[in-house]
Amino acid sequence: ILMRKEEDEFYRAPENDAGDDDIGASSAASWATSDFAVYGLLASEIGAAFFPQSSKELQLINSFGVYLAAFVMRPVGAVLFGELGDRIVGRRNALVFSIVLITVPSVLMGLLPSYDRWGMASPILLVLLRMAQGMSVGGQLAGSYVLSIEQSTQDNRGLRGSICDASSVGGFLLASGITTAVRQIFTEEQVDEWAWRVPFWVSLLLAPCLYFIVSHSKESKFWEDRADQKETEKIIREEEHVQNSAVRDLFSSPFRRRQLAYMIGVMSPYTGSFYILFLWAPIYLSDLRGFIDEKTACLINFIIVALFIIFDVIGGKISDKCPHRIDSIRIGVAGIMMACPVMFALFETETMVGYVLGQFMLCFCSALVCGAVGAWEVELWMGDPTLSFTGVAIGHNTSACVFGGSLPVIATFLYYRAEELVANYPDNDAIVLFARMLPGLYVSLLTCLSLYCSYAICHPHDIRTGERKIREAYHKEQRLKKKRLMRRLSSMAETFTASPRGGGTIGMSQEGDRHNDGAGAYLPPAGSSGLI
């Protein structure tokens, strides 16, 4: 009862009417993710440079382990930047700080000597630099979501959120383009020896432009107004100026903890499919299976990322037209459930059509989710703008850490276990195909978790329109109807059993007539027609 009361109060906050302002800051900040993405696309070369004494399998797993270390720091960065953005300096200044924090480690990684020169100090420093990058990304995308969507109206939040996502994916596109260019310009030996460092140096050109755009943008009016309102309330009540941290306020509430847990679950297949498509699939096709060379794999990846950006914006616009934004997410999640294992099955055709078509299907389904999820995340926490940055950042980055950062490691592990399975049953085509689909089936498993959480979580739309109460009344009537039907069937079975041989049908008919007399037809509650 207390949780339900807090839930209603949390979502009774006034609607945002701040209007539309510039989106340049939020979208430009997301482009800085290119620094973060470059590492994953060069994982094989980095693994050979910093873990040369390991086998190829361990080099790749160690390299992805360093990749995971950056994701572990993303929730830490979410707490740090959430506090900065919600309680101290505001959204804009938090984004400026995140751009600086991600640029410096990127440049240093491009200058870091390999294992052959510095020994064990090199991989240790590599881990520390990646952790600094991960901390920065922990506040970057969430900050761009909040800054943009807080300055939008209810009719275009999906589009604005999808532009932020498209900008973020544009960072992957930029990283993929730079990596592809490096592989095309330099020989394979040069890339392995030193040319893999070139993409990290590009951030020296990109960072000043992003810094200028973000630092000259406007702060969120919605956040400023609510922060001033809370200060005024404290003065009127003559309260001492003792303010808890944003993360403490978030976790002190059972309702908010529940919302956060379900939010992480809803996003799990999106983060998993995103990284398996844009990070692991090119490595799978080239380094692991050897179907195509690295140049071709990067080129296909570049095209798929470009298509994803287009589908992402379309998905955001579609979510604005849906009565429930979560419905758009559910459709995409259901598509991911099928598309991800099918992608790996199509890879087994060993044709260019199979390589492209498999990635195209997963790209389209993931983009439907991606286009809607940005606005959906912020809407969950807009009831309190002095808490929304923290809620979005922790939820988004925890999901990315648990299900995105771990995915390359898990997928690589499943691949080598699949190799053992194929070696043991080489003549059984069904087992071979199942083994090759294991990484995709793992993502399909995450979609089941997502669909469950999508029905368990509460959205502001359900509270403000009263639809939750209508659905509860409808399902209550459905349960009563089911109980009445079970009682009728039980009574009919007893009558049939007690009747003499040959008279069972008559007894059942008479018993059914007695039950039907006086039993009115079922009518759903008012206003619930068509709801499920």
Side-chain angles (χ1 to χ4, degrees), residues 40-41 43-44 47-48 51 54-65 67-68 71 268-294 296-298 300-301 304 332-366 402-451:
L41 296 173
S44 297
F51 307 100
S54 303
S55 63
K56 182 179 179 181
E57 175 183 352
L58 289 178
Q59 283 180 0
L60 194 57
I61 291 178
N62 288 334
S63 183
F64 281 137
Y67 187 80
L68 175 60
F71 275 85
S268 59
Y270 157 62
T271 54
S273 63
F274 185 89
Y275 289 102
I276 204 170
L277 176 63
F278 296 134
L279 175 64
W280 200 73
I283 296 174
Y284 177 83
L285 289 172
S286 58
D287 290 351
L288 296 178
R289 296 305 307 279
F291 290 149
I292 53 180
D293 57 35
E294 292 179 344
T296 306
C298 287
I300 295 174
N301 184 259
I304 294 298
V333 168
I336 292 173
M337 179 186 293
M338 302 298 297
C340 201
V342 169
M343 179 182 73
F344 286 94
L346 287 174
F347 288 167
E348 294 306 305
T349 62
E350 299 188 27
T351 63
M352 189 60 65
V353 174
Y355 306 148
V356 176
L357 181 60
Q359 295 182 70
F360 177 84
M361 290 192 304
L362 184 57
C363 165
F364 179 76
C365 296
S366 297
V402 175
F403 303 106
S406 63
L407 189 134
V409 177
I410 294 174
T412 303
F413 173 80
L414 291 175
Y415 164 76
Y416 283 107
R417 301 295 77 78
E419 287 287 290
E420 296 176 359
L421 196 60
V422 171
N424 293 331
Y425 302 94
D427 299 327
N428 192 321
D429 293 339
I431 293 180
V432 170
L433 182 61
F434 172 79
R436 297 305 185 192
M437 294 168 62
L438 280 177
L441 292 172
Y442 168 71
V443 177
S444 297
L445 185 63
L446 297 181
T447 62
C448 299
L449 172 64
S450 177
L451 290 173

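Heavy atoms only: backbone and side chains are in, while hydrogens, waters and symmetry mates are out.
In this structure, the side chain to side chain contact (heavy atoms under 4.5 Å, CB included) partners of Pro282, at least two apart in sequence or on a different chain, are Ala297, Asn301. Under the side-chain hydrogen bond (donor to acceptor under 3.5 Å, both in side chains) criterion, Ser366 pairs with Ser273, sequence neighbours left out. Not counting sequence neighbours, Tyr442 has no partner by the ring-ring contact (aromatic ring centres under 6.0 Å, His included) test. Listed by chain and residue number, Gln359 satisfy the side chain to side chain contact (heavy atoms under 4.5 Å, CB included) test with Ala281 (two or more places apart in sequence, or in another chain). Scanning for ring-ring contact (aromatic ring centres under 6.0 Å, His included) contacts around Phe403 gives an empty result, with sequence neighbours left out. A search for side chain to side chain contact (heavy atoms under 4.5 Å, CB included) contacts involving Met352 returns Ile292, Thr296, Ile300, Tyr355, Val356, not counting sequence neighbours. Residues passing the side chain to side chain contact (heavy atoms under 4.5 Å, CB included) test with Cys365 are Ile336, Ala339, sequence neighbours excluded. Evaluation of the ring-ring contact (aromatic ring centres under 6.0 Å, His included) rule for Phe413 yields no partner, not counting sequence neighbours.
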Could you pull out every donor-acceptor pair under 3.5 Å between side chains of residues 431-440 and any protein atom, sequence neighbours left out?
residue, atom, partner, partner atom, Å
Arg436, NH1, Glu419, OE2, 2.4
Arg436, NH2, Glu419, OE2, 3.0

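Separation of the Phe344 and Tyr415 ring centroids does not fall under the 6.0 Å cut-off. Centroid-to-centroid, the aromatic rings of Phe278 and Phe274 come within less than 6.0 Å.
Heavy atoms from other residues, nucleotides or ligands lying under 6.0 Å from CZ of Phe364 number 12 at most. No more than 12 heavy atoms of other residues, nucleotides or ligands shown are found within 6.0 angstrom of CG on Asp429. A 6.0 Å sphere centred on CE of Met338 holds no more than 12 heavy atoms belonging to other residues, nucleotides or ligands.
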Point to revise | Check against side-chain contact (heavy atoms from CB on, under 4.5 Å), Cys340 and Ile276 | key: CA-CA 9 Å; Cys340 201; Ile276 204 170; 4.0 Å; yes
Exercise for review: Evaluate side-chain contact (heavy atoms from CB on, under 4.5 Å) for Tyr270 paired with Tyr275, printing each intermediate quantity in order.
Suggested key: CA-CA 9 Å; Tyr270 157 62; Tyr275 289 102; over 6 Å; no
Review point. Do Met337 and Leu445 pass the side-chain contact (heavy atoms from CB on, under 4.5 Å) test, and can you show the C-alpha distance, the side-chain angles, and the key distance before you say yes or no?
Key: CA-CA 8 Å; Met337 179 186 293; Leu445 185 63; over 6 Å; no
Review point. Run the side-chain contact (heavy atoms from CB on, under 4.5 Å) check on Ile283 and Glu294 step by step: do they pass?
Key: CA-CA 8 Å; Ile283 296 174; Glu294 292 179 344; over 6 Å; no
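What you find for Leu279 and Pro408 is that their closest heavy atoms are CD2-CG, 3.6 Å. Of all heavy-atom pairs spanning Leu288 and Trp280, the tightest one is CD1-CZ2, 3.7 Å.
Between the side chain of Thr447 and the main chain of Ser444, a donor-acceptor pair closer than 3.5 Å is present. In this structure a side-chain-to-backbone donor-acceptor pair under 3.5 Å is present from Ser406 to Val402.
Screening residues 344-354 for side chain to side chain donor-acceptor pair (under 3.5 Å) gives Arg289-Glu348, Thr349-Thr351 as the qualifying pairs, with residues at least two apart or on separate chains.
Expressed to the nearest 0.5 Å, how far CG of Leu441 lies from CG of Leu414 amounts to 9.5 Å. Atom CG of Leu346 sits about 11.0 Å away from atom CG of Leu362, to the nearest 0.5 Å.
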